[in-house]
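Note that ligands are numbered from 1 as they come in the structure, with each ligand's atoms numbered from 1 the same way. What you see below is based on every heavy atom in this structure, not just the backbone, and it leaves out hydrogens, waters and symmetry mates.
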Amino acid sequence: MSISATPPIQPFAITFGADNATLEPQGQVLTRRMSDLEGLFADADAWARAVADGDPVVYTVVSSPVPEVPRELPQSITTIQPGLTAGEFWMTKGHQHPDPQGEIYLGLAGHGGLLLFDGERAEWLDMSPGVIGYIPPGWAHRSVNVGDEPYKFLAVYPGSAGHDYGWVLEHGMGLRARRAADSGDLDLVPFGTPAGRHRTGKP
Ligand code: 6PG
Ligand code: NI
């Protein structure tokens with residue numbers, strides 16, 4: 001998109017409503033249900049049962065009115081509901097930015113994780129209110145709710161970055177975030193681990 005297509009943005013302030021993660025003024029609101037996450041959970045049968053059983057909302061993304069166009073700096077707040085699908089914590093789809101650029105996340109509420117994968121190395125950042133997670137250019141990223149309450153975070157990213165979801169379907173994310181059956185703790189397992197199998201824990 002050419003720069004001339006960019007609407008003139010005037011300086012403005014946004015009021016953040018902490019209780020419901022609202023923005024005023026507000027832009028687009030995106031709702032991702034379980035059916036939107038096809039091919040992403042390790043246990044495809046459990047995913048299909050969850051879709052058939054009410055197709056719950058897994059996360060929402062509320063954007064500010066700043067458009068996703070070059071040189072602008074859009075922001076959004078993601079709220080991931082707490083939940084498990086066959087032991088795997090509920091999460092975002094995850095994506096690469098086709099135009100590799102950095103991005104920052106700020107934890108607002110709840111307890112989550114930021115999973116990063118560059119195609120070879122995977123990293124996990126614990127996210128809680130007040131923590132800033134930095135996503136370097138070229139690292140695919142996915143957010144995970146590892147707590148019992150909604151996990152909310154603010155994302156700020158360059159408007160030219162774009163979103164590639166096919167990359168994650170093709171390459172995976174390096175790790176999966178599961179709740180250990182014995183301890184209930186977070187268990188990060190290699191991406192190819194069969195559903196229900198645990199790297200650690202008692203047999
Ligand atoms: C972005 C941010 C972030 C992300 C949401 C939903 O680049 O816009 O990383 O706002 O889009 O958390 O995650 P998915 O885009 O992976 O569904
Ligand atoms: Ni992003």
Going by distance only, is there an N or O of A155 that falls short of 3.5 Å from an N or O of ligand 1? no
Note: ligand 1 atoms sitting under 4.0 Å from heavy atoms of Y157 are 1 (C), 8 (O)
Nearest non-hydrogen protein atom, atom 8 (O) of ligand 1: H163 NE2, 2.8 Å
Suppose I only count heavy atoms of Y105 and a 4.0 Å limit; which atoms of ligand 1 are within that range? 2 (C), 3 (C), 9 (O)
Could you tell me which atoms of ligand 1, counted from 1 in the order shown, lie closer than 4.0 angstrom to a heavy atom of G94? 16 (O)
Would you check the N or O atoms of E68, main chain and side chain alike, for any that come under 3.5 Å of an N or O of ligand 1? no
For atom 15 (O) of ligand 1, grab the closest protein heavy atom and report residue, atom and distance to one decimal in Å. Y165 OH, 2.6 Å
Below a 4.0 angstrom heavy-atom separation, can you tell me which part of E103, side chain or backbone, both or neither, approaches ligand 1? side chain
With side chains defined as the heavy atoms from C-beta onward, is the minimum distance between L116 and I135 less than 4.5 Å? yes
Check: V61 and Q28 side chains under 4.5 Å, non-hydrogen atoms: no
Nearest-neighbour protein heavy atom for atom 11 (O) of ligand 1, which is reported as residue plus atom name and distance: H95 CE1, 3.4 Å
Any heavy-atom pair between the side chains of F117 and L175 that's under 4.5 Å? no
Closest protein heavy atom (residue, atom, distance) for atom 17 (O) of ligand 1: Y59 OH, 2.5 Å
If you measure from each heavy atom of S76 to ligand 1, is any distance below 4.0 Å? yes
D36/R33 ion pair, N-O < 4.0 Å: no
How large, to 10°, is the angle at the Ni ion (ligand 2) when you draw lines to NE2 on H95 and to OE1 on E103? 170°
Can you name the atoms of ligand 1, numbered from 1 with element, that are less than 4.0 Å from a heavy atom of H141? 9 (O)
Would a single hydrophobic cluster contain both L169 and M34, if residues Ile, Leu, Val, Met, Phe, Trp and Tyr are joined by side-chain heavy-atom contacts under 4.5 Å? yes
Note, Q81 side chain near Y151 side chain (heavy atom, < 4.5 Å): no
Name the closest protein heavy atom to atom 13 (O) of ligand 1, giving the residue it belongs to and the distance to 0.1 Å. T92 CB, 3.5 Å
Can you find a heavy atom in the side chain of D43 that is under 4.5 Å from one in the side chain of T85? no
No-hydrogen, no-angle side-chain donor-acceptor test under 3.5 Å, W47 and D45: no
Result for side-chain hydrogen bond (donor to acceptor under 3.5 Å, both in side chains) between Y157 and one of H97, Q101, E68 points to E68
So is R142 close enough to ligand 1, meaning a heavy atom under 4.0 angstrom away? no
Centre of F41's six-membered ring, under 6.0 Å away, within 45 degrees of the axis: is that where NZ or CZ of R142 sits? no
Counting from 1, what ligand 1 atoms have a heavy atom of F153 closer than 4.0 Å? 12 (O)
Top protein contact for atom 12 (O) of ligand 1, by heavy-atom distance: T78 OG1, 2.8 Å
Single-linkage hydrophobic cluster L154~L23, side-chain heavy atoms < 4.5 angstrom: yes
Where ligand 1 meets H97 - atom numbers and elements under 4.0 angstrom, heavy-atom basis: 7 (O)
